[in-house]
Amino acid sequence: MNIDHGIIDGRVDLSNGLENVPILIERSSTVKTFPEFQYSPDNTEGPGCSIDPSEVTLPGCSCVSHSCFTDSCSCLQTHGQAYDSTGTLLNLSRTDSAYSSPVFECNALCTCSDACSNRLVQRGVTLRLEVYSTEQRGWGVRTLEAIPHGTFVCEYAGEVISFKEARCRQLSQRSEDNNYIIAVREHAGTGCITETFVDPAVVGNVGRFLNHSCQPNLFMQPVRVHSVVPRLALFAGRNIDAQEELTFDYSGADSNQLPVEQLPTQRDAAVQASRTDDTPKELQRKECHCGANNCVQFLPLDLSIIN
């Protein structure tokens, strides 16, 4: 499923014009074989998905101002203000519990303008990013400009699938294959847990090329826009310099994301039942090459998305 990449000033645009800015591929990397996948800046409905991620299911505000204000916007009154006037995520304090406050943006049913300060992730990528070939970790992503702490970078977008489909895909992989599936758990009160499984292997965006690091410079934050299905948004966890590789921790450190293998839910029995002596080798731990001082030597289980 190769896509026809667009050409921008002699450079290849991985997104083929689907992003606000071109997602460039390093010149020296264009001669190498690129993974086959369909580029999509947004999540798509995959097997077992009970809700179409593109369907507008959340209520909107009736604000008529250029940008919403907390004292008059129903969205902000219900969910709180997530960003400051510069578009920086406000809740940047990460706790040992690895949980963060939910983020809801204004949506297609809201009457505020597209420039509203409560619309950020839905605008897509605005930074200049480049996919390139790393020395030890296959394909990676680096930024071509400095990124301030708390800035939205990109989504981890792909097919939204069910738990059953996620397990099926894992168990059908070969030992040399990489597993792109991210599992996110969200807690909304006692006993209320929402799980989202996203796989960008076949349909995905630039996020599929992000490598793991035990000392990452990005963190993941679920953000709801039009649908109850969250977008897996990646924000800068610190100030990032131009030419730095962009990474996040696949295990969910500094976020509320967990590997499929570690989901302590009622589905555990099904997980155990699906394990046999024939379980593919890719479910075993893979060596980590992030180079961080605190490297744990192995990638988290089930979140190997290195290309």
Side-chain angles (χ1 to χ4, degrees), residues 42-46 48-59 75-83 89-107 118-122 150 152-167 180-200 204-205 207 210 216 218-235 237 248-268 270-271 300-303 305:
D42 304 309
N43 286 330
T44 61
E45 185 177 4
C49 180
S50 59
I51 302 175
D52 183 351
S54 64
E55 181 181 358
V56 181
T57 56
L58 296 177
C75 293
L76 294 179
Q77 289 174 354
T78 302
H79 306 294
Q81 184 175 349
Y83 315 115
L89 190 67
L90 289 174
N91 183 19
L92 292 176
S93 60
R94 318 306 297 173
T95 65
D96 292 336
S97 63
Y99 294 114
S100 58
S101 301
V103 171
F104 287 77
E105 295 190 359
C106 287
N107 58 59
N118 197 39
R119 299 177 185 267
L120 180 67
V121 172
Q122 61 190 273
F152 169 64
V153 176
C154 69
E155 287 185 52
Y156 190 84
E159 288 184 288
V160 180
I161 58 179
S162 65
F163 174 84
K164 180 179 179 180
E165 177 67 18
R167 292 301 303 171
Y180 293 80
I181 300 172
I182 289 285
V184 173
R185 299 184 71 201
E186 296 176 277
H187 295 252
T190 305
C192 183
I193 301 175
T194 300
E195 299 170 353
T196 305
F197 301 87
V198 177
D199 184 4
N205 72 335
L210 292 169
L218 303 179
F219 66 91
M220 184 173 285
Q221 170 69 58
V223 175
R224 284 176 170 79
V225 182
H226 312 299
S227 171
V228 294
V229 178
R231 299 189 181 194
L232 308 186
L234 290 153
F235 290 83
F248 72 103
D249 190 328
Y250 296 172
S251 71
D254 291 331
S255 75
N256 55 3
Q257 144 196 341
L258 286 172
V260 175
E261 289 281 352
Q262 297 179 7
L263 292 178
T265 70
Q266 68 275 13
R267 294 191 177 94
D268 279 358
V271 175
L301 284 173
D302 291 344
L303 292 180
I305 64 171

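Only this structure's heavy atoms are used, side chains among them; waters, hydrogens and symmetry mates stay out. Note that the numbering runs from 1 along the sequence shown for the chain.
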For the student: nearest non-hydrogen atoms of Ser227 and Thr57, plus distance
CA-OG1, 3.3 Å

Return the minimal non-hydrogen interatomic distance between Ala157 and Asn205, and the atom names on each side.
N-OD1, 3.1 Å

Apply side-chain contact (heavy atoms from CB on, under 4.5 Å) to the pair Phe248 and Ile182, showing each step before the final yes or no.
CA-CA 12 Å; Phe248 72 103; Ile182 289 285; 4.2 Å; yes

Under 3.5 Å, side chain of Glu105 to main-chain N/O of Val121, donor-acceptor pair present?
yes

For the atom pair CG (Leu234) and CE (Met220), what is the distance rounded to the nearest 0.5 Å?
4.5 Å

Closer than 3.5 angstrom, by distance alone: can the side chain of Asn43 be matched with the main-chain N or O of Gly158 as a donor-acceptor pair?
yes

Do the non-hydrogen side-chain atoms of Val184 and Pro230 ever get within less than 4.5 Å of each other?
no

Just so I know, are the side chains of Thr196 and Pro222 near enough to count as touching, which here means a heavy-atom distance under 4.5 Å?
no

Over all atoms of both residues, closest heavy-atom pair of Gln122 and Arg231:
CA-NH1, 3.4 Å

Measure the spacing between CD of Glu159 and CG of Asp199 and express it to the nearest 0.5 Å.
6.5 Å

Using the six-membered ring wherever Trp is involved, compare the ring planes of His79 and Phe104 and label them parallel, tilted or perpendicular (cut-offs 30° and 60°).
parallel

Taking the side chain as every heavy atom from C-beta outward, state whether Tyr156 and Leu218 have any pair of such atoms under 4.5 Å apart.
no

Could you tell me which non-hydrogen atom of Ile181 sits nearest to which non-hydrogen atom of Ala166, and how far apart they are?
CD1-O, 3.6 Å

Main-chain N/O of Ser54 paired with Asp42 side-chain donor or acceptor, under 3.5 Å
no

Out of curiosity, Leu120 CG to Phe152 CZ, how far, rounded to the nearest 0.5 Å?
6.5 Å

Donor-acceptor pair, Asn107 side chain versus Pro59 backbone, under 3.5 Å?
yes

Could you tell me if the side chain of Tyr83 sits less than 4.5 Å from the side chain of Val103, heavy atoms only?
yes

If you look at every heavy atom in Phe219 and Gly237, which pair is closest and at what distance?
CD2-CA, 3.7 Å

Do Arg119 and Cys106 make a side-chain contact, defined as non-hydrogen atoms from C-beta onward lying under 4.5 Å apart?
yes

